[in-house]
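Notes to accompany the following structure.
Everything numeric in this text was worked out from a predicted model, so none of it was measured.
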Amino acid sequence: MYDIENIRKDFPILGREVYGHPLVYFDNGATTQKPRCVVEAMTDEYYNVNANVHRGVHFLSQKATELHEAARETVRSFLNARSTSEIVFTRGTTESINLVASCFGEAFMHEGDEVILSEMEHHSNIVSWQLLQARKGIKIRVIPINDDGELMWDEYERLFNAHTRMVSVTHVSNVLGTVNSVRRVVDIAHDHGVPVLVDGAQSTPHFAVDMQAIGADFFAFSGHKIYGPTGIGVLYGKEQWFDRMPPYMGGGEMIQHVTFEHTTFNELPFKFEAGTPDYVASTGLARALDYVSRIGLDRIYAHEQDLTRYALERMGRIPGMRIFGHASEHDAVISFLVGHIHHLDMGTLLDRLGIAVRTGHHCAEPLMHRLGVEGTVRASFGLYNTREEVDVLVDGIERVAKMF
């Protein structure tokens, strides 16, 4: 059974009020709230084990290193990666994608080479490649989407040519909720000898991901979107690529030997982890992954799918409601507009009712252009949300709509 009452007790912030109303938090696509166990684990490490990792022979440094590397093993297991050498800690999905674009691009891409993205990408998976485009003269090709918000597979296959060097796509759209068949994306790309990077920021919090089953060459996600701390994320990469890519940054930890004439780099994954890592946040991330694993990602998925179906059914009855994204595989995100009400007005007035939603272009302006709007209101669900909160949202939307 899914014990929602006890789950909600793990998140103290859900008990607070906003403008005199109980908080209804539907901005999980931007960041999730943190359970007590995550905050307590990080507090305990700061108070009892704090010391820089990897470099010290003293007791605290050894203990901090053990926790940090245990966290790496937790991530490896969570992703079903083959080795901890394939797990690089970053600041989040954005840095992970930038790392691949920079380092892979430096090693393997030249003027005229191409990367394939999709029309539903987050800015982090667009601008990163545009920076490489400016430096090296690569070209960006785009997979179009249909009116339901799904990839157009025939068009995708037609984008490949002798200059294609990388495919980089989102697992789940942060606007449409579309769940892309990344296994199919990978199979088609690999048939052309092209590696694939998957943006997993919006998939890892909602359902199980398996690197062996997906087959992607790179996979990125953020801690703060899966009930962990901010400032910590993960880049999974196959060793065959990491071995051949140059480092992202220079400094301590990523080196073996340094002279003014020459530097040799550390082994994986430390080659890509220059400087002091956020070793306390890695502990918090590990605790968050343990938390969702203990509840069960299959249970979380079933609960959130029920919420999403219920919300779509109730919201669909509101006059003037426009919902964006009707893919057959749809995750726990609903983007909408009501009549001619500006998304900012709707979000601001819902906030006055204690309802937290996201408004704007959601760092996906090219997708907004495809949809023919400048922005939407987005409600995104998490493992602690309830049907009763959906009712509050629907009542709030109806109340705002009457004002206009």
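With salt bridges taken as basic N to acidic carboxylate O contacts below 4.0 Å, one links Asp187 and Arg183. Under 4.0 Å is where a charged nitrogen must lie from a carboxylate oxygen, and between Asp391 and Arg314 at least one such pair does.
Side-chain atoms of Lys136 come within 3.5 Å of backbone atoms of Met109 as a donor-acceptor pair (strictly under, hydrogens ignored). Asn385 places a side-chain N or O within 3.5 Å of a backbone atom of Gly382 that can act as its donor or acceptor partner. Proximity of a side-chain donor or acceptor of Gln133 to a complementary backbone N or O of Val127 within less than 3.5 Å is not detected. Side chain of His303 to main chain of Thr386: no donor-acceptor pair is present (N/O by atom type, distance under 3.5 Å, no hydrogens or angles). His190 places no side-chain N or O within 3.5 Å of a backbone atom of Ile188 that could act as its donor or acceptor partner.
A 4.5 Å side-chain heavy-atom check between Val115 and Ile138 finds at least one atom pair inside the cut-off. With a 4.5 Å cut-off on side-chain heavy atoms, Leu67 and Glu45 count as touching. In this structure, Val182 and Phe219 have side chains that are not in contact, with every pair of non-hydrogen atoms separated by 4.5 Å or more. Between Leu350 and Val400, the closest side-chain pair of non-hydrogen atoms falls below 4.5 Å. In this structure, Thr31 and Tyr25 have side chains that are in contact, with non-hydrogen atoms separated by less than 4.5 Å. Counting heavy atoms from C-beta outward, Arg378 and Val357 have side chains that stay 4.5 Å or more apart. Between Leu297 and Phe207 the shortest side-chain heavy-atom distance does not fall below 4.5 Å. Within the 4.5 Å cutoff, no side-chain heavy atoms of Asp113 are placed close to those of Lys139.
With 3.5 Å as the limit, one finds a donor-acceptor pair spanning the side chains of Tyr291 and Asp10. Defined by atom type and a distance below 3.5 Å, a donor-acceptor pair is present between the side-chain atoms of Asn80 and Asp210. In this structure, a donor-acceptor pair under 3.5 Å is absent between the side chains of Thr230 and His224. Under the 3.5 Å distance criterion, with hydrogens and angles disregarded, a donor-acceptor pair is assigned to the side chains of Ser118 and Glu121. A donor-acceptor contact under 3.5 angstrom links the side chains of His342 and Glu374, judged on distance only. Between the side chains of Asp331 and Tyr301, no donor-acceptor pair is found at a separation under 3.5 Å. No donor-acceptor contact under 3.5 angstrom links the side chains of Asn28 and Ser380, judged on distance only. Residues His206 and Glu304 bring a donor and an acceptor atom of their side chains to less than 3.5 Å of each other.
Proximity of the aromatic rings of Phe381 and Phe26 is defined here by a centroid distance below 6.0 angstrom, and this criterion is met. Taking the six-membered ring where the residue is Trp, the centroids of His54 and His68 are separated by under 6.0 Å.
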Could you pull out every donor-acceptor pair under 3.5 Å between side chains of residues 233-243 and any protein atom, sequence neighbours left out?
from, atom 1, to, atom 2, distance (Å)
Lys238, NZ, Gly215, O, 3.3
Trp241, NE1, Asp217, OD1, 2.9

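Arg8 forms no cation-pi arrangement with Tyr384, by the criterion of a distance under 6.0 Å to the ring centre and an angle within 45° of the ring axis. With a 6.0 Å cutoff to the six-membered ring centre and a 45° limit on the axis angle, Arg165 does not count as a cation-pi contact of Phe108.
Under a cut-off of 6.0 angstrom, the local environment of NE2 in His58 is crowded, with over 12 non-hydrogen atoms contributed by other residues, nucleotides or ligands.
Scored by the side-chain hydrogen bond (donor to acceptor under 3.5 Å, both in side chains) test, Tyr156 finds no partners at all (sequence neighbours excluded).
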